[in-house]
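These numbers were taken from a predicted model, which means no experiment stands behind them. All residue numbers refer to positions in the sequence shown, counting from 1. When reading the values below, keep in mind they use all heavy atoms of this one structure, side chains included, and skip hydrogens, waters and symmetry mates.
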Amino acid sequence: MKQSIFLAAGALAAVLAGTAPAGAVFLTFQGGLAQEASWRAAAGTTAIETFEALPQGTNISALPLLGVSFDELAPGRFPAVYVHGVNNTPSGRRQLGNMPSGFPNEPAFQFSDIEMRVLSGQVITAVGYWNGDPQGPMVATVFDALDNLLGSVSAAVNAGGGNTFAGFVSDVPIARVHFEGQTGDGFNHIDDLQTNVRAAAVPEPVSLGLLGLGLVGLGIARRRRMR
């Protein structure tokens with residue numbers, strides 16, 4: 001009950017501060033497996049990428065099943081699969097990092113942000129992830145299609161070495177999620193990325209019956225004008 005009150009108060013404060021669209025609700029979930037389960041219940045049907053089936057160093061420009069793409073870290077180079085030294089997330093050691101080579105050996109990418117965008121034709125209102133980096137928290141800042149700030153959530157470091165979940169549910173469709181790179185040792189990584197992606201609704205075409213009625217109406221109006 002207290003959490004709900006704090007969340008509602010936070011959403012109201014964001015609106016009053018002009019950082020969220022009027023009436024927007026942005027609920028956050030932070031913790032372990034129990035909080036992940038709560039997030040999934042609130043998010044509805046979700047899709048997940050564990051990165052376990054991908055070789056180290058695989059550059060990822062998009063995850064179509066999750067309805068998202070990633071900005072380049074440099075021309076032709078994207079966030080990539082990194083194999084962490086310990087298994088500190090639910091799915092395993094393979095995670096998504098800001099290291100195009102898959103190794104923390106390129107100073108040019110240290111402290112790089114990971115920018116995630118919703119693919120055209122897709123709607124997402126919930127995102128969840130695990131912090132795989134024991135060096136610092138992984139903060140996600142969320143924006144809508146007009147680049148209004150909807151809110152942020154942080155997957156903190158805990159005694160287990162970064163094994164912490166964070167997620168959010170918004171009543172406004174999101175367009176972009178910014179994963180902050182200025183944390184820890186600068187070589188950052190997340191795991192078990194999840195969204196509640198669904199296809200955007202397509203307006204139904206005008207039915208033949210309605211079209212026929214429209215043509216009849218035009219014919220009647222024309223005859224009346226000719227009299």
Side-chain angles (χ1 to χ4, degrees), residues 1-15 19-21 23-53 60 62-70 79 89-92 94-96 114-132 137-156 158 162-180 189-202:
M1 182 65 178
K2 288 183 179 179
Q3 182 188 26
S4 299
I5 293 173
F6 288 140
L7 291 172
L12 177 59
V15 170
T19 57
V25 176
F26 188 86
L27 304 180
T28 60
F29 300 78
Q30 298 161 281
L33 291 170
Q35 282 298 308
E36 182 183 37
S38 296
W39 172 82
R40 285 179 176 169
T45 303
T46 57
I48 184 171
E49 176 57 67
T50 66
F51 307 104
E52 291 305 304
I60 297 179
L63 294 171
L65 291 180
L66 270 62
V68 299
S69 65
F70 297 93
T89 61
S91 67
R94 296 178 187 270
Q95 304 170 3
L96 181 68
I114 295 177
E115 210 75 30
M116 185 175 81
R117 300 180 187 273
V118 177
L119 291 171
S120 176
Q122 305 298 310
V123 175
I124 294 175
T125 56
V127 173
Y129 63 97
W130 284 77
N131 177 14
M138 287 299 297
V139 179
T141 307
V142 188
F143 301 86
D144 69 7
L146 297 177
D147 218 33
N148 293 310
L149 173 65
L150 295 176
S152 65
V153 64
S154 176
N158 65 16
N163 188 16
T164 307
F165 171 82
F168 66 83
V169 176
S170 169
D171 69 342
V172 174
I174 72 165
R176 177 169 65 95
V177 178
H178 172 91
F179 292 100
E180 178 60 48
H189 34 104
I190 62 175
D191 201 6
D192 296 353
L193 183 62
Q194 306 164 63
T195 72
N196 68 343
V197 61
R198 66 182 186 277
V202 178

Visitor: Got a sec, which residues hit side chain to side chain donor-acceptor pair (under 3.5 Å) with Thr50, two or more places apart in sequence or on another chain?
Guide: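 Scan of Thr50 (side chain to side chain donor-acceptor pair (under 3.5 Å), adjacent residues dropped) gives none.
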Visitor: Among residues at least two apart in sequence or on other chains, which ones pass side chain to side chain donor-acceptor pair (under 3.5 Å) with Glu36?
Guide: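 For Glu36 the side chain to side chain donor-acceptor pair (under 3.5 Å) partners, ignoring immediate neighbours, are Arg40, Trp130, Gln194.
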Visitor: A side-chain contact here means heavy atoms from C-beta on lying under 4.5 Å apart; do Leu193 and Val127 qualify?
Guide: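 They are in contact (side-chain heavy atoms under 4.5 Å apart), so the answer is yes.
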Visitor: Are the side chain of Gln30 and the backbone of Ser154 linked by a donor-acceptor contact shorter than 3.5 Å?
Guide: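 Yes, Gln30 side chain to Ser154 backbone: donor-acceptor pair under 3.5 Å.
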Visitor: Strictly distance-based, threshold 3.5 Å: is any side-chain N or O of Ser91 a donor or acceptor partner for the main-chain N or O of Asp192?
Guide: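 No, Ser91 side chain to Asp192 backbone: no donor-acceptor pair under 3.5 Å.
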Visitor: Starting at CG of Asn131, measure out to OG1 of Thr89 and round the result to the nearest 0.5 Å.
Guide: 10.0 Å
Visitor: Partners of Arg117 by side chain to side chain donor-acceptor pair (under 3.5 Å), sequence neighbours excluded?
Guide: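 Partners of Arg117 under the side chain to side chain donor-acceptor pair (under 3.5 Å) test: Asp71.
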Visitor: Measure the acute angle between the ring planes of Phe179 and Tyr129, then classify it against the limits of 30° and 60° as parallel, tilted or perpendicular.
Guide: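 Geometry flag for Tyr129 against Phe179: perpendicular rings.
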Visitor: Restricting to side-chain contact (heavy atoms from CB on, under 4.5 Å), what partner residues turn up for Ala43, sequence neighbours left out?
Guide: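 In terms of side-chain contact (heavy atoms from CB on, under 4.5 Å), with neighbours along the sequence ignored, Ala43 is linked to Trp39, Thr46, Ala126, Val169, Asn196.
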Visitor: Stepwise, does the side-chain contact (heavy atoms from CB on, under 4.5 Å) test hold for Ile60 with Glu49?
Guide: CA-CA 12 Å; Ile60 297 179; Glu49 176 57 67; 5.9 Å; no
Visitor: To check you understand the geometry: which heavy-atom pair defines the closest contact between Val197 and Gly67, and what is its length?
Guide: CG2-CA, 3.8 Å
Visitor: Could you pull out all residues at least two apart from Leu119 that satisfy side-chain contact (heavy atoms from CB on, under 4.5 Å)?
Guide: Ser69, Gln122
Visitor: What's the separation between atom CZ in Phe51 and atom CD in Gln95, rounded to the nearest 0.5 Å?
Guide: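 One gets 9.0 Å once the value is rounded to the nearest 0.5 Å.
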Visitor: For a 4.5 angstrom cut-off between non-hydrogen side-chain atoms, does Thr125 reach Arg198?
Guide: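 Thr125 vs Arg198: side chains touch.
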Visitor: How long is the span from the CE atom in Met116 to the CG atom in Leu96, to the nearest 0.5 Å?
Guide: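 Answer rounded to 0.5 Å: 9.5 Å.
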Visitor: Could you tell me whether a side-chain N or O of Asp171 sits under 3.5 Å from a main-chain N or O of Val25, the two making a donor and an acceptor?
Guide: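 Checking the backbone N and O of Val25 against the side chain of Asp171, a donor-acceptor pair under 3.5 Å is found.
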Visitor: Would you find a donor on one side and an acceptor on the other, under 3.5 Å apart, between the side chain of Thr28 and the backbone of Val153?
Guide: no
Visitor: With rounding to the nearest 0.5 Å, note down the distance linking CG in Asp144 to CG in Leu150.
Guide: 5.0 Å
Visitor: Can you list the residues that meet the side chain to side chain donor-acceptor pair (under 3.5 Å) rule with Glu52, with sequence neighbours excluded?
Guide: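 Checked Glu52 against side chain to side chain donor-acceptor pair (under 3.5 Å); zero matches.
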Visitor: Using the rule given for side-chain contact (heavy atoms from CB on, under 4.5 Å), can you reason through Leu63 versus Phe70, listing the C-alpha separation, both sets of side-chain angles and the distance that settles it, and then say yes or no?
Guide: CA-CA 8 Å; Leu63 294 171; Phe70 297 93; 3.9 Å; yes
Visitor: What pair of heavy atoms forms the shortest contact from Gly92 to Asp191, and how long is it?
Guide: O-OD2, 3.4 Å
